[in-house]
Asks: 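Please find one structure pasted underneath; my questions will follow.
What you see is a predicted model, and the numbers here were worked out from it, not measured in a lab. Below, read A as the first sequence line, B as the second, and so on, with proteins coming before strands; counting in each chain starts at 1.
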Amino acid sequence: MRLPETFYLRSNVVKIATELIGKLLVTEFDGIRTSGIIVETEAYAGTTDKASHAYGGRRTSRTEVMYMPGGTAYVYLCYGIHHLFNVVTNVQGIPHAILVRGIEPLDGIDTMLARRGKEKLLPALTAGPGALSEALGIKTTHTGINLLDNKIYIEDTGIKITRSSIIASTRVGVAYAGADALLPYRFHLKDNKFVSKGKGL
DNA sequence: CAAACGATTTTCT
DNA sequence: GAAAATCGTTTGG
């Protein structure tokens, strides 16, 4: 079942980040469905979070998408190479976002292998934010699209994730954020092979 | 208009 | 384990 708009419009971005664990991230481009179970996320809490692109209420042409209503995709280029996929949450005007850092491949694995130039299904196929975006065919051109449409969306497959199987830790690559770098805003499934390496666990 | 840098991944030693 | 690859966005002149 497709997640409804109300799922994304809520205000507790950290809670939503934990709830996304175990959901299915799906893309459908050119009639080809590719998908994977979300196993790792990071919350970015808008204007009060130094690690967020929208810290201090900053608005630029790139970050403008973060101010759209929850349920919008925010995709941007990092290190000139990698397309990073985020889910915008909260109501219009509040720039919350959740970075998806790892998925466990489910549908269209052949297509994902081809997109990544890989032969075998190894964790490197979709472990890491840049890797999973490439596998799913997500590019910066998709920033701003609505997750209630049929190109990129998230499904609840009904699988249960127990609270004890979700591990909280600090976010990756945000050392510049000072005290906010210490916030436990990264979440991942315990013992899952498709969790990114980041900085160890 | 020029310069620095990054919510990363891959490759080489 | 260390370093390179690579370019749009942001910031400063």
Asks: Is A/H82 side chain donor-acceptor paired with the B/dA7 base, going by distance under 3.5 Å alone?
Replies: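 No, no donor-acceptor pair under 3.5 Å.
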Asks: Strictly below 4.0 Å, heavy-atom distances to any atom of DNA chain C: list the hits from residues 102-138 of chain A, or just say none.
Replies: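 Of all residues in residues 102-138 of chain A, none places a heavy atom under 4.0 Å from DNA chain C.
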Asks: Within the structure, does a side-chain N or O atom of A/Y74 lie under 4.0 Å from either OP1 or OP2 of B/dA7?
Replies: no
Asks: How close or far is atom C1' of B/dG6 from atom CZ of A/R171, stated in whole angstroms?
Replies: 15 Å
Asks: Quick test of the criterion, 5.5 Å between centres and less than 30° between planes. Is A/Y76 stacked on C/dG8 or not?
Replies: no
Asks: Rounded to whole Å, how long is the line connecting atom CG of A/L77 with atom P of B/dG6?
Replies: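 So the CG-P distance, A/L77 to B/dG6, works out to 14 Å.
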Asks: When the distance from OH of A/Y79 to P of C/dA5 is rounded to whole Å, what number comes out?
Replies: 16 Å
Asks: Classify the nucleic acid contact of A/L84 as base, sugar-phosphate or nothing, counting any heavy atom under 4.0 Å across all strands shown.
Replies: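 It contacts sugar-phosphate atoms only.
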Asks: When you measure from the side chain of A/R116 to the backbone N and O of A/E134, does any donor-acceptor pair fall under 3.5 Å?
Replies: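 It does not hold such a pair.
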Asks: Please state how far atom CD in A/E40 lies from atom C1' in B/dT8, giving the value in whole angstrom units.
Replies: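 Whole-Å distance recorded here is 13 Å.
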Asks: With both distances kept under 3.5 Å, what pairs with C/dT10, Watson-Crick or G-U wobble?
Replies: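 Partner of C/dT10: B/dA3.
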Asks: Can A/I154 and A/V26 be said to form a side-chain contact (heavy atoms from CB on, under 4.5 Å), step by step?
Replies: CA-CA 6 Å; A/I154 300 176; A/V26 185; over 6 Å; no
Asks: To the nearest Å, how far apart are A/H83 NE2 and C/dC7 P?
Replies: 10 Å
Asks: For A/I98 and B/dA7, give me the distance from atom CD1 to atom C1', rounded to whole Å.
Replies: 14 Å
Asks: What is the distance, rounded to the nearest whole Å, between atom CD1 of A/I81 and atom C1' of B/dG6?
Replies: 11 Å
Asks: Give the rounded distance in Å between these two atoms: CZ of A/R101 and P of B/dT9.
Replies: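 Distance check: A/R101 CZ to B/dT9 P gives 7 Å.
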